[in-house]
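Okay, structure first, notes after.
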2 protein chains.
Amino acid sequence: MNIGEIAESCGLPAKTIRYYEEIGLVRPDRSENGYRNFSEQDAHKLAFLGRARSLGFTIEDCRTLLSLYQDQSRASASVKQIARGHLADIERKIEELQAMRRALQTLVTRCNGDDRPDCPILDGLSGD
Amino acid sequence: MNIGEIAESCGLPAKTIRYYEEIGLVRPDRSENGYRNFSEQDAHKLAFLGRARSLGFTIEDCRTLLSLYQDQSRASASVKQIARGHLADIERKIEELQAMRRALQTLVTRCNGDDRPDCPILDGLSGD
DNA sequence: TCTAGGGGTTCCAGCAACTGGAAGGTCAAG
DNA sequence: CTTGACCTTCCAGTTGCTGGAACCCCTAGA
């Protein structure tokens with residue numbers, strides 16, 4: 001399969017797939033004409049990567065997960081550890097964002113948003 | 001004030017303050033010896049920037065907010081618009097993260113995390 | 001007077017994970 | 001034979017810093 005087809009099938013942009021090859025996540029063969037030639041295995045890997053990335057795993061986590069995926073003698077504990085680490089990161093980020101949201105919401109609510117200069121948002125940012 | 005003192009007072013690393021100068025957010029004078037010499041005004045600006053950044057505003061938003069802050073004839077509506085846009089971004093990100101969290105949580109819960117290879121997390125990522 | 005230290009300066013490289021664009025090769029259809 | 005849709009490589013840019021090298025400045029102590 002050419003890169004266009006595979007991109008279509010896994011939902012990743014061709015650019016991204018080339019990038020994944022560059023950093024060694026996939027290693028498609030090449031046809032006579034120099035075009036990348038993806039196998040079904042590659043298609044699977046890329047779909048796997050797409051899902052892992054969409055769950056927010058870093059590229060390095062993806063690399064590890066992929067190798068665990070391909071390692072029949074893995075321990076599921078290794079996978080779970082990575083996933084839980086990532087889950088903790090996500091939860092931390094959610095909390096950070098919620099704190100921002102609360103603070104910002106407070107300021108926004110107080111601001112009239114009219115044509116006058118008086119502005120509680122700027123006041124808040126300037127330290128009152 | 002030298003960069004060290006100002007960094008101390010606003011809580012931003014000196015590196016960051018130099019970077020802010022580089023991109024034109026502050027323009028401290030220079031002493032005879034070439035050291036940056038920050039005024040009280042600069043201190044205020046940097047504190048403002050620190051707070052805006054900690055609420056997640058982009059640098060470009062900060063630039064705009066700063067100019068509105070210094071513009072006595074601003075309309076508070078302009079400020080509110082930026083803040084609401086940013087709030088919407090934050091809310092979108094929170095939702096994305098929460099979706100990730102839910103999906104990941106489900107997989108993690110199902111995984112035994114023992115020394116056997118059987119792993120619902122990898123199964124989920126591989127598309128079952 | 002020398003030296004050590006703790007400031008400060010510039011400039012360059014690198015992070016994550018792509019994305020855009022230029023310049024050009026390949027292929028099938030009309 | 002040309003057109004257009006593919007594909008290729010390579011380089012630069014994104015965001016907001018951060019680290020490090022190599023160097024200057026200033027003060028205090030031996």
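Residue B/Ile3 is classed as a sugar-phosphate contact, given heavy-atom separations below 4.0 Å to backbone atoms only. Using a 4.0 Å heavy-atom criterion, one finds that A/Tyr20 contacts the sugar-phosphate atoms exclusively. Using a 4.0 Å heavy-atom criterion, one finds that B/Arg18 contacts the bases of the nucleic acid, with or without backbone contacts as well. Counting any heavy atom pair closer than 4.0 Å across all strands shown, A/Arg36 reaches sugar-phosphate atoms only and no base atom.
The CD1-P distance, from A/Ile59 to C/dC15, rounds to 14 Å in whole Å. Atom-to-atom, CG of A/Asn2 to P of D/dT8 comes out at 7 Å; the value is rounded to the nearest Å. Put simply, CD1 on A/Ile17 is 14 Å from C1' on D/dC6, counting in whole angstrom units. Between the CZ atom of B/Arg63 and the P atom of D/dC17 there is a distance of 12 Å, rounded to whole Å. Spacing between atom CG of A/Leu25 and atom C1' of C/dC18 amounts to 13 Å, rounded to whole angstrom units. When rounded to the nearest whole Å, the span between CD1 of B/Ile23 and P of D/dT18 equals 12 Å. Between the CD atom of B/Glu22 and the C1' atom of C/dA13 there is a distance of 13 Å, rounded to whole Å. In this structure, A/Glu32 atom CD and D/dC7 atom P are separated by 18 Å, rounded to whole Å.
A salt bridge does not link B/Arg27 to B/Glu21: none of the charged side-chain nitrogens sits closer than 4.0 Å to a carboxylate oxygen. Under a 4.0 Å N-O distance rule, the pair A/Glu96/A/Arg92 qualifies as a salt bridge.
Positionally, the nearest nucleotide of DNA chain D for A/Tyr35 lies more toward the 5' end than for the other of A/Lys15 and A/Tyr35. Positionally, the nearest nucleotide of DNA chain C for A/Tyr19 lies more toward the 5' end than for the other of A/Tyr19 and A/Asn33.
Between B/Thr16 and the phosphate of D/dG16, there is no side-chain N or O to OP1/OP2 separation shorter than 4.0 Å. Checking the phosphate oxygens (OP1, OP2) of D/dC25, no side-chain nitrogen or oxygen of B/Arg30 falls inside 4.0 Å. Note on B/Thr58: every side-chain N or O is 4.0 Å or more away from OP1 and OP2 of D/dT15.
No more than 12 heavy atoms of other residues, nucleotides or ligands lie within 6.0 Å of CZ in B/Arg84, so this atom counts as exposed by the packing criterion.
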Stepwise salt bridge (Lys or Arg N to Asp or Glu O under 4.0 Å) check, B/Asp118 with B/Arg116: CA-CA 6 Å; B/Asp118 178 53; B/Arg116 284 169 303 169; over 6 Å; no
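To the nearest 0.5 Å, atom CZ of residue B/Arg51 and atom CG of residue B/Leu49 are 10.0 Å apart.
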